[in-house]
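These numbers come from the heavy atoms of this one structure, side chains and all, not from hydrogens, waters or symmetry mates. Here is the naming used below: chain letters follow the sequence lines, and residue numbers restart at 1 for every chain.
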Amino acid sequence: MNKLGIDSIAQDKIKIDLVDTAVGIAIKFTGDIDMEDPSVILDPLFEKVHSGMVAKKIPEVQADFQGLNFLNSSGIKAVAKWIMKLAMLPADQKYQIKIAHNKAITWQVTSLPTLTFLVPGAVKIE
Amino acid sequence: MGLASGVSFLEGIPGVLRLGVLVLVWTGGGAVLWFWRPKVPAVENPPAETEALPELPEEPAPGVLQAPEEPEPPEEVRTPAEVAALVAELEGRIGVISEGLGRQKGHKEALKTFSGDVDFIRENVFRAFEISDNLANTAKQAFELSEKVQSGVRVVTESLDSSLKNTETLFQQSKQISRILEIMADVSEKIHILSINASIVSARAGTSGKGFEIVAKEIRNLAKETENSLKEIENVITELQGTISEVIGKVKTASGEALSEKDALISVAGSLQGVILAVEIIRAVTGVAKEKTEDQAKAFSSLESAMTGEELELLEGLKAWVAQWRETYKL
């Protein structure tokens, strides 16, 4: 089990795994997020991640989208909502979000860097 | 016994009532000056006289002067000098209240300006939200169109592949025809040789072989014609094979182009999908900003309405009363 005690998710065409890293935790997305309302899965997941990161003072989380072939508008909205929670935290409680993207997938190259503008300095793309 | 009273003052101005009313009472033996002071409820920890400001009523009347119903007998008598001092103190306190209200007025003006700025920001946030909405719809339409074109290109590519296969089959069949023609040419040549042999045999046979000679000659002619026809067919087949080769080349080129267009289209579709997602991020941010500015605008509105002009009216009433009292008592 990972540091946050959050179980992996496998539903529809999407698989989400959480694994510990040297500096924090990584969330790996594999498959497609194209269901009608992905917030049903993603909102609770991101809420647990956010509150766990703050409570346990974990400095970094990596959101790995390299294995994600498709993401719909509702899905990216859930991601943006999570990142905006980070903006509401005081400076001493903010953690880093590193976004790993696949340069061979065009939509990732176009859209994911936009997320770094939500909380400049705290969200980075790699 | 007659009674003359000084100016009596209002329920609406209890600060004044605290100071009391100067009453001149005529009795049978002369005039007596009384200073009537109404009873006020005891305060547990009354502030020091020099620091406490007069209490304002819970529901102050807007400056209308009314006579008290039944003044109680005065508890103590104050000299004109003491009264003058009290009036001066009241004027001092009125001055402090004026200053405070003046500052409040300044804050209200600043709030109005700030509120105006918040409204301006809110308008811009609304516009950004609408623009991002419009952009998202445009990107969605472009994405759907690119998907349709992709589908069309897929059909073209499949047709080209099919045409290529058929053309290659045609080429193979033409080659088979060529082989058959070769066989036929061979047979024709043999017939020609046979006819020559037949002529030789018929010459040896002399007169009885003459009929055979005619037949041999006809066969030779037929073989010749067959050979000519075969040559013609061979030429046509060769030309056909040339054309087929050309068509194969062109179909292969077209198929290659279609495939590369398909890849480009997939890339365009991916970019458009990325734009849609980026715009969705913008909408999420502007949506939050829209809510926040609406909350701010409501908060400012509440704050503004809390700063009413009632305090100013009350102050003006107090000032008017002090001026009148000064005039009446020549203070």
Side-chain angles (χ1 to χ4, degrees), chain A residues 13-14 29 31-39 42-43 46-47 50 63 65-89 97 99 101-125, chain B residues 121-122 124-125 127-151 153-154 259-296 299:
Chain A
K13 297 180 213 166
I14 186 67
F29 298 85
D32 299 335
I33 297 179
D34 63 357
M35 60 280 270
E36 203 176 318
D37 191 9
S39 65
L42 296 177
D43 282 353
F46 289 136
E47 177 58 44
H50 179 72
F65 295 105
Q66 293 174 99
L68 190 64
N69 297 316
F70 186 79
L71 178 64
N72 62 14
S73 310
S74 305
I76 197 98
K77 202 172 163 183
V79 176
K81 206 168 143 187
W82 165 43
I83 294 176
M84 284 195 286
K85 283 185 207 278
L86 184 61
M88 306 301 283
L89 290 174
I97 298 179
I99 297 175
H101 77 304
N102 187 338
K103 287 174 186 160
I105 299 179
T106 319
W107 68 260
Q108 289 200 13
V109 173
T110 314
S111 64
L112 293 179
T114 310
L115 293 167
T116 62
F117 289 97
L118 294 177
V119 190
V123 182
K124 292 193 173 119
I125 192 119
Chain B
I121 292 167
R122 188 179 57 176
N124 280 300
V125 163
R127 262 184 232 124
F129 193 81
E130 282 169 1
I131 291 167
S132 64
D133 225 12
N134 190 44
L135 195 59
N137 286 335
T138 307
K140 259 187 194 154
Q141 283 169 17
F143 176 72
E144 281 159 9
L145 187 64
S146 76
E147 280 200 318
K148 268 189 192 163
V149 173
Q150 259 189 82
S151 174
V153 165
R154 204 176 299 125
L259 273 167
S260 66
E261 289 302 315
K262 187 178 151 191
D263 288 341
L265 273 167
I266 288 170
S267 190
V268 164
S271 293
L272 285 168
Q273 174 65 7
V275 166
I276 292 169
L277 297 180
V279 166
E280 195 58 47
I281 295 167
I282 295 168
R283 279 179 63 173
V285 171
T286 51
V288 167
K290 190 173 129 193
E291 283 171 21
K292 291 282 179 202
T293 50
E294 277 171 345
D295 290 343
Q296 283 294 315

List for me each residue that meets side chain to side chain donor-acceptor pair (under 3.5 Å) alongside A/Lys81, sequence neighbours excluded, and say none if there are none.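 If we apply the side chain to side chain donor-acceptor pair (under 3.5 Å) test to A/Lys81, skipping adjacent residues, the hits are A/Asp43.
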Could I get the full list of side chain to side chain donor-acceptor pair (under 3.5 Å) partners for A/Gln66, not counting sequence neighbours?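 Partners of A/Gln66 under the side chain to side chain donor-acceptor pair (under 3.5 Å) test: A/Asp64.
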Which bit of A/Phe70 comes within less than 4.5 Å of chain B, counting heavy atoms only: side chain, backbone, both or neither?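 Only the side chain of A/Phe70 comes within 4.5 Å of chain B.
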Part of A/Leu118 lying under 4.5 Å from any heavy atom of chain B: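 Interface part for A/Leu118: side chain.
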Between B/Gln273 (side chain) and A/Thr106 (backbone), is there a donor-acceptor pair under 3.5 Å?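 A pair under 3.5 Å: no.
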What distance do A/Ser73 atom OG and B/Arg283 atom CZ have between them, rounded to the nearest 0.5 Å?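 One finds 8.0 Å between OG of A/Ser73 and CZ of B/Arg283.
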Taking B/Gly274, B/Ala278, B/Ser271 one by one, which has the highest count of heavy-atom pairs under 4.5 Å against chain A?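 Among B/Gly274, B/Ala278, B/Ser271, the one with the most close pairs to chain A is B/Gly274.
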With a 4.5 Å limit on heavy-atom distance, are the side chains of B/Leu277 and A/Thr110 in contact?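 Counting from C-beta outward, B/Leu277 and A/Thr110 never come under 4.5 Å.
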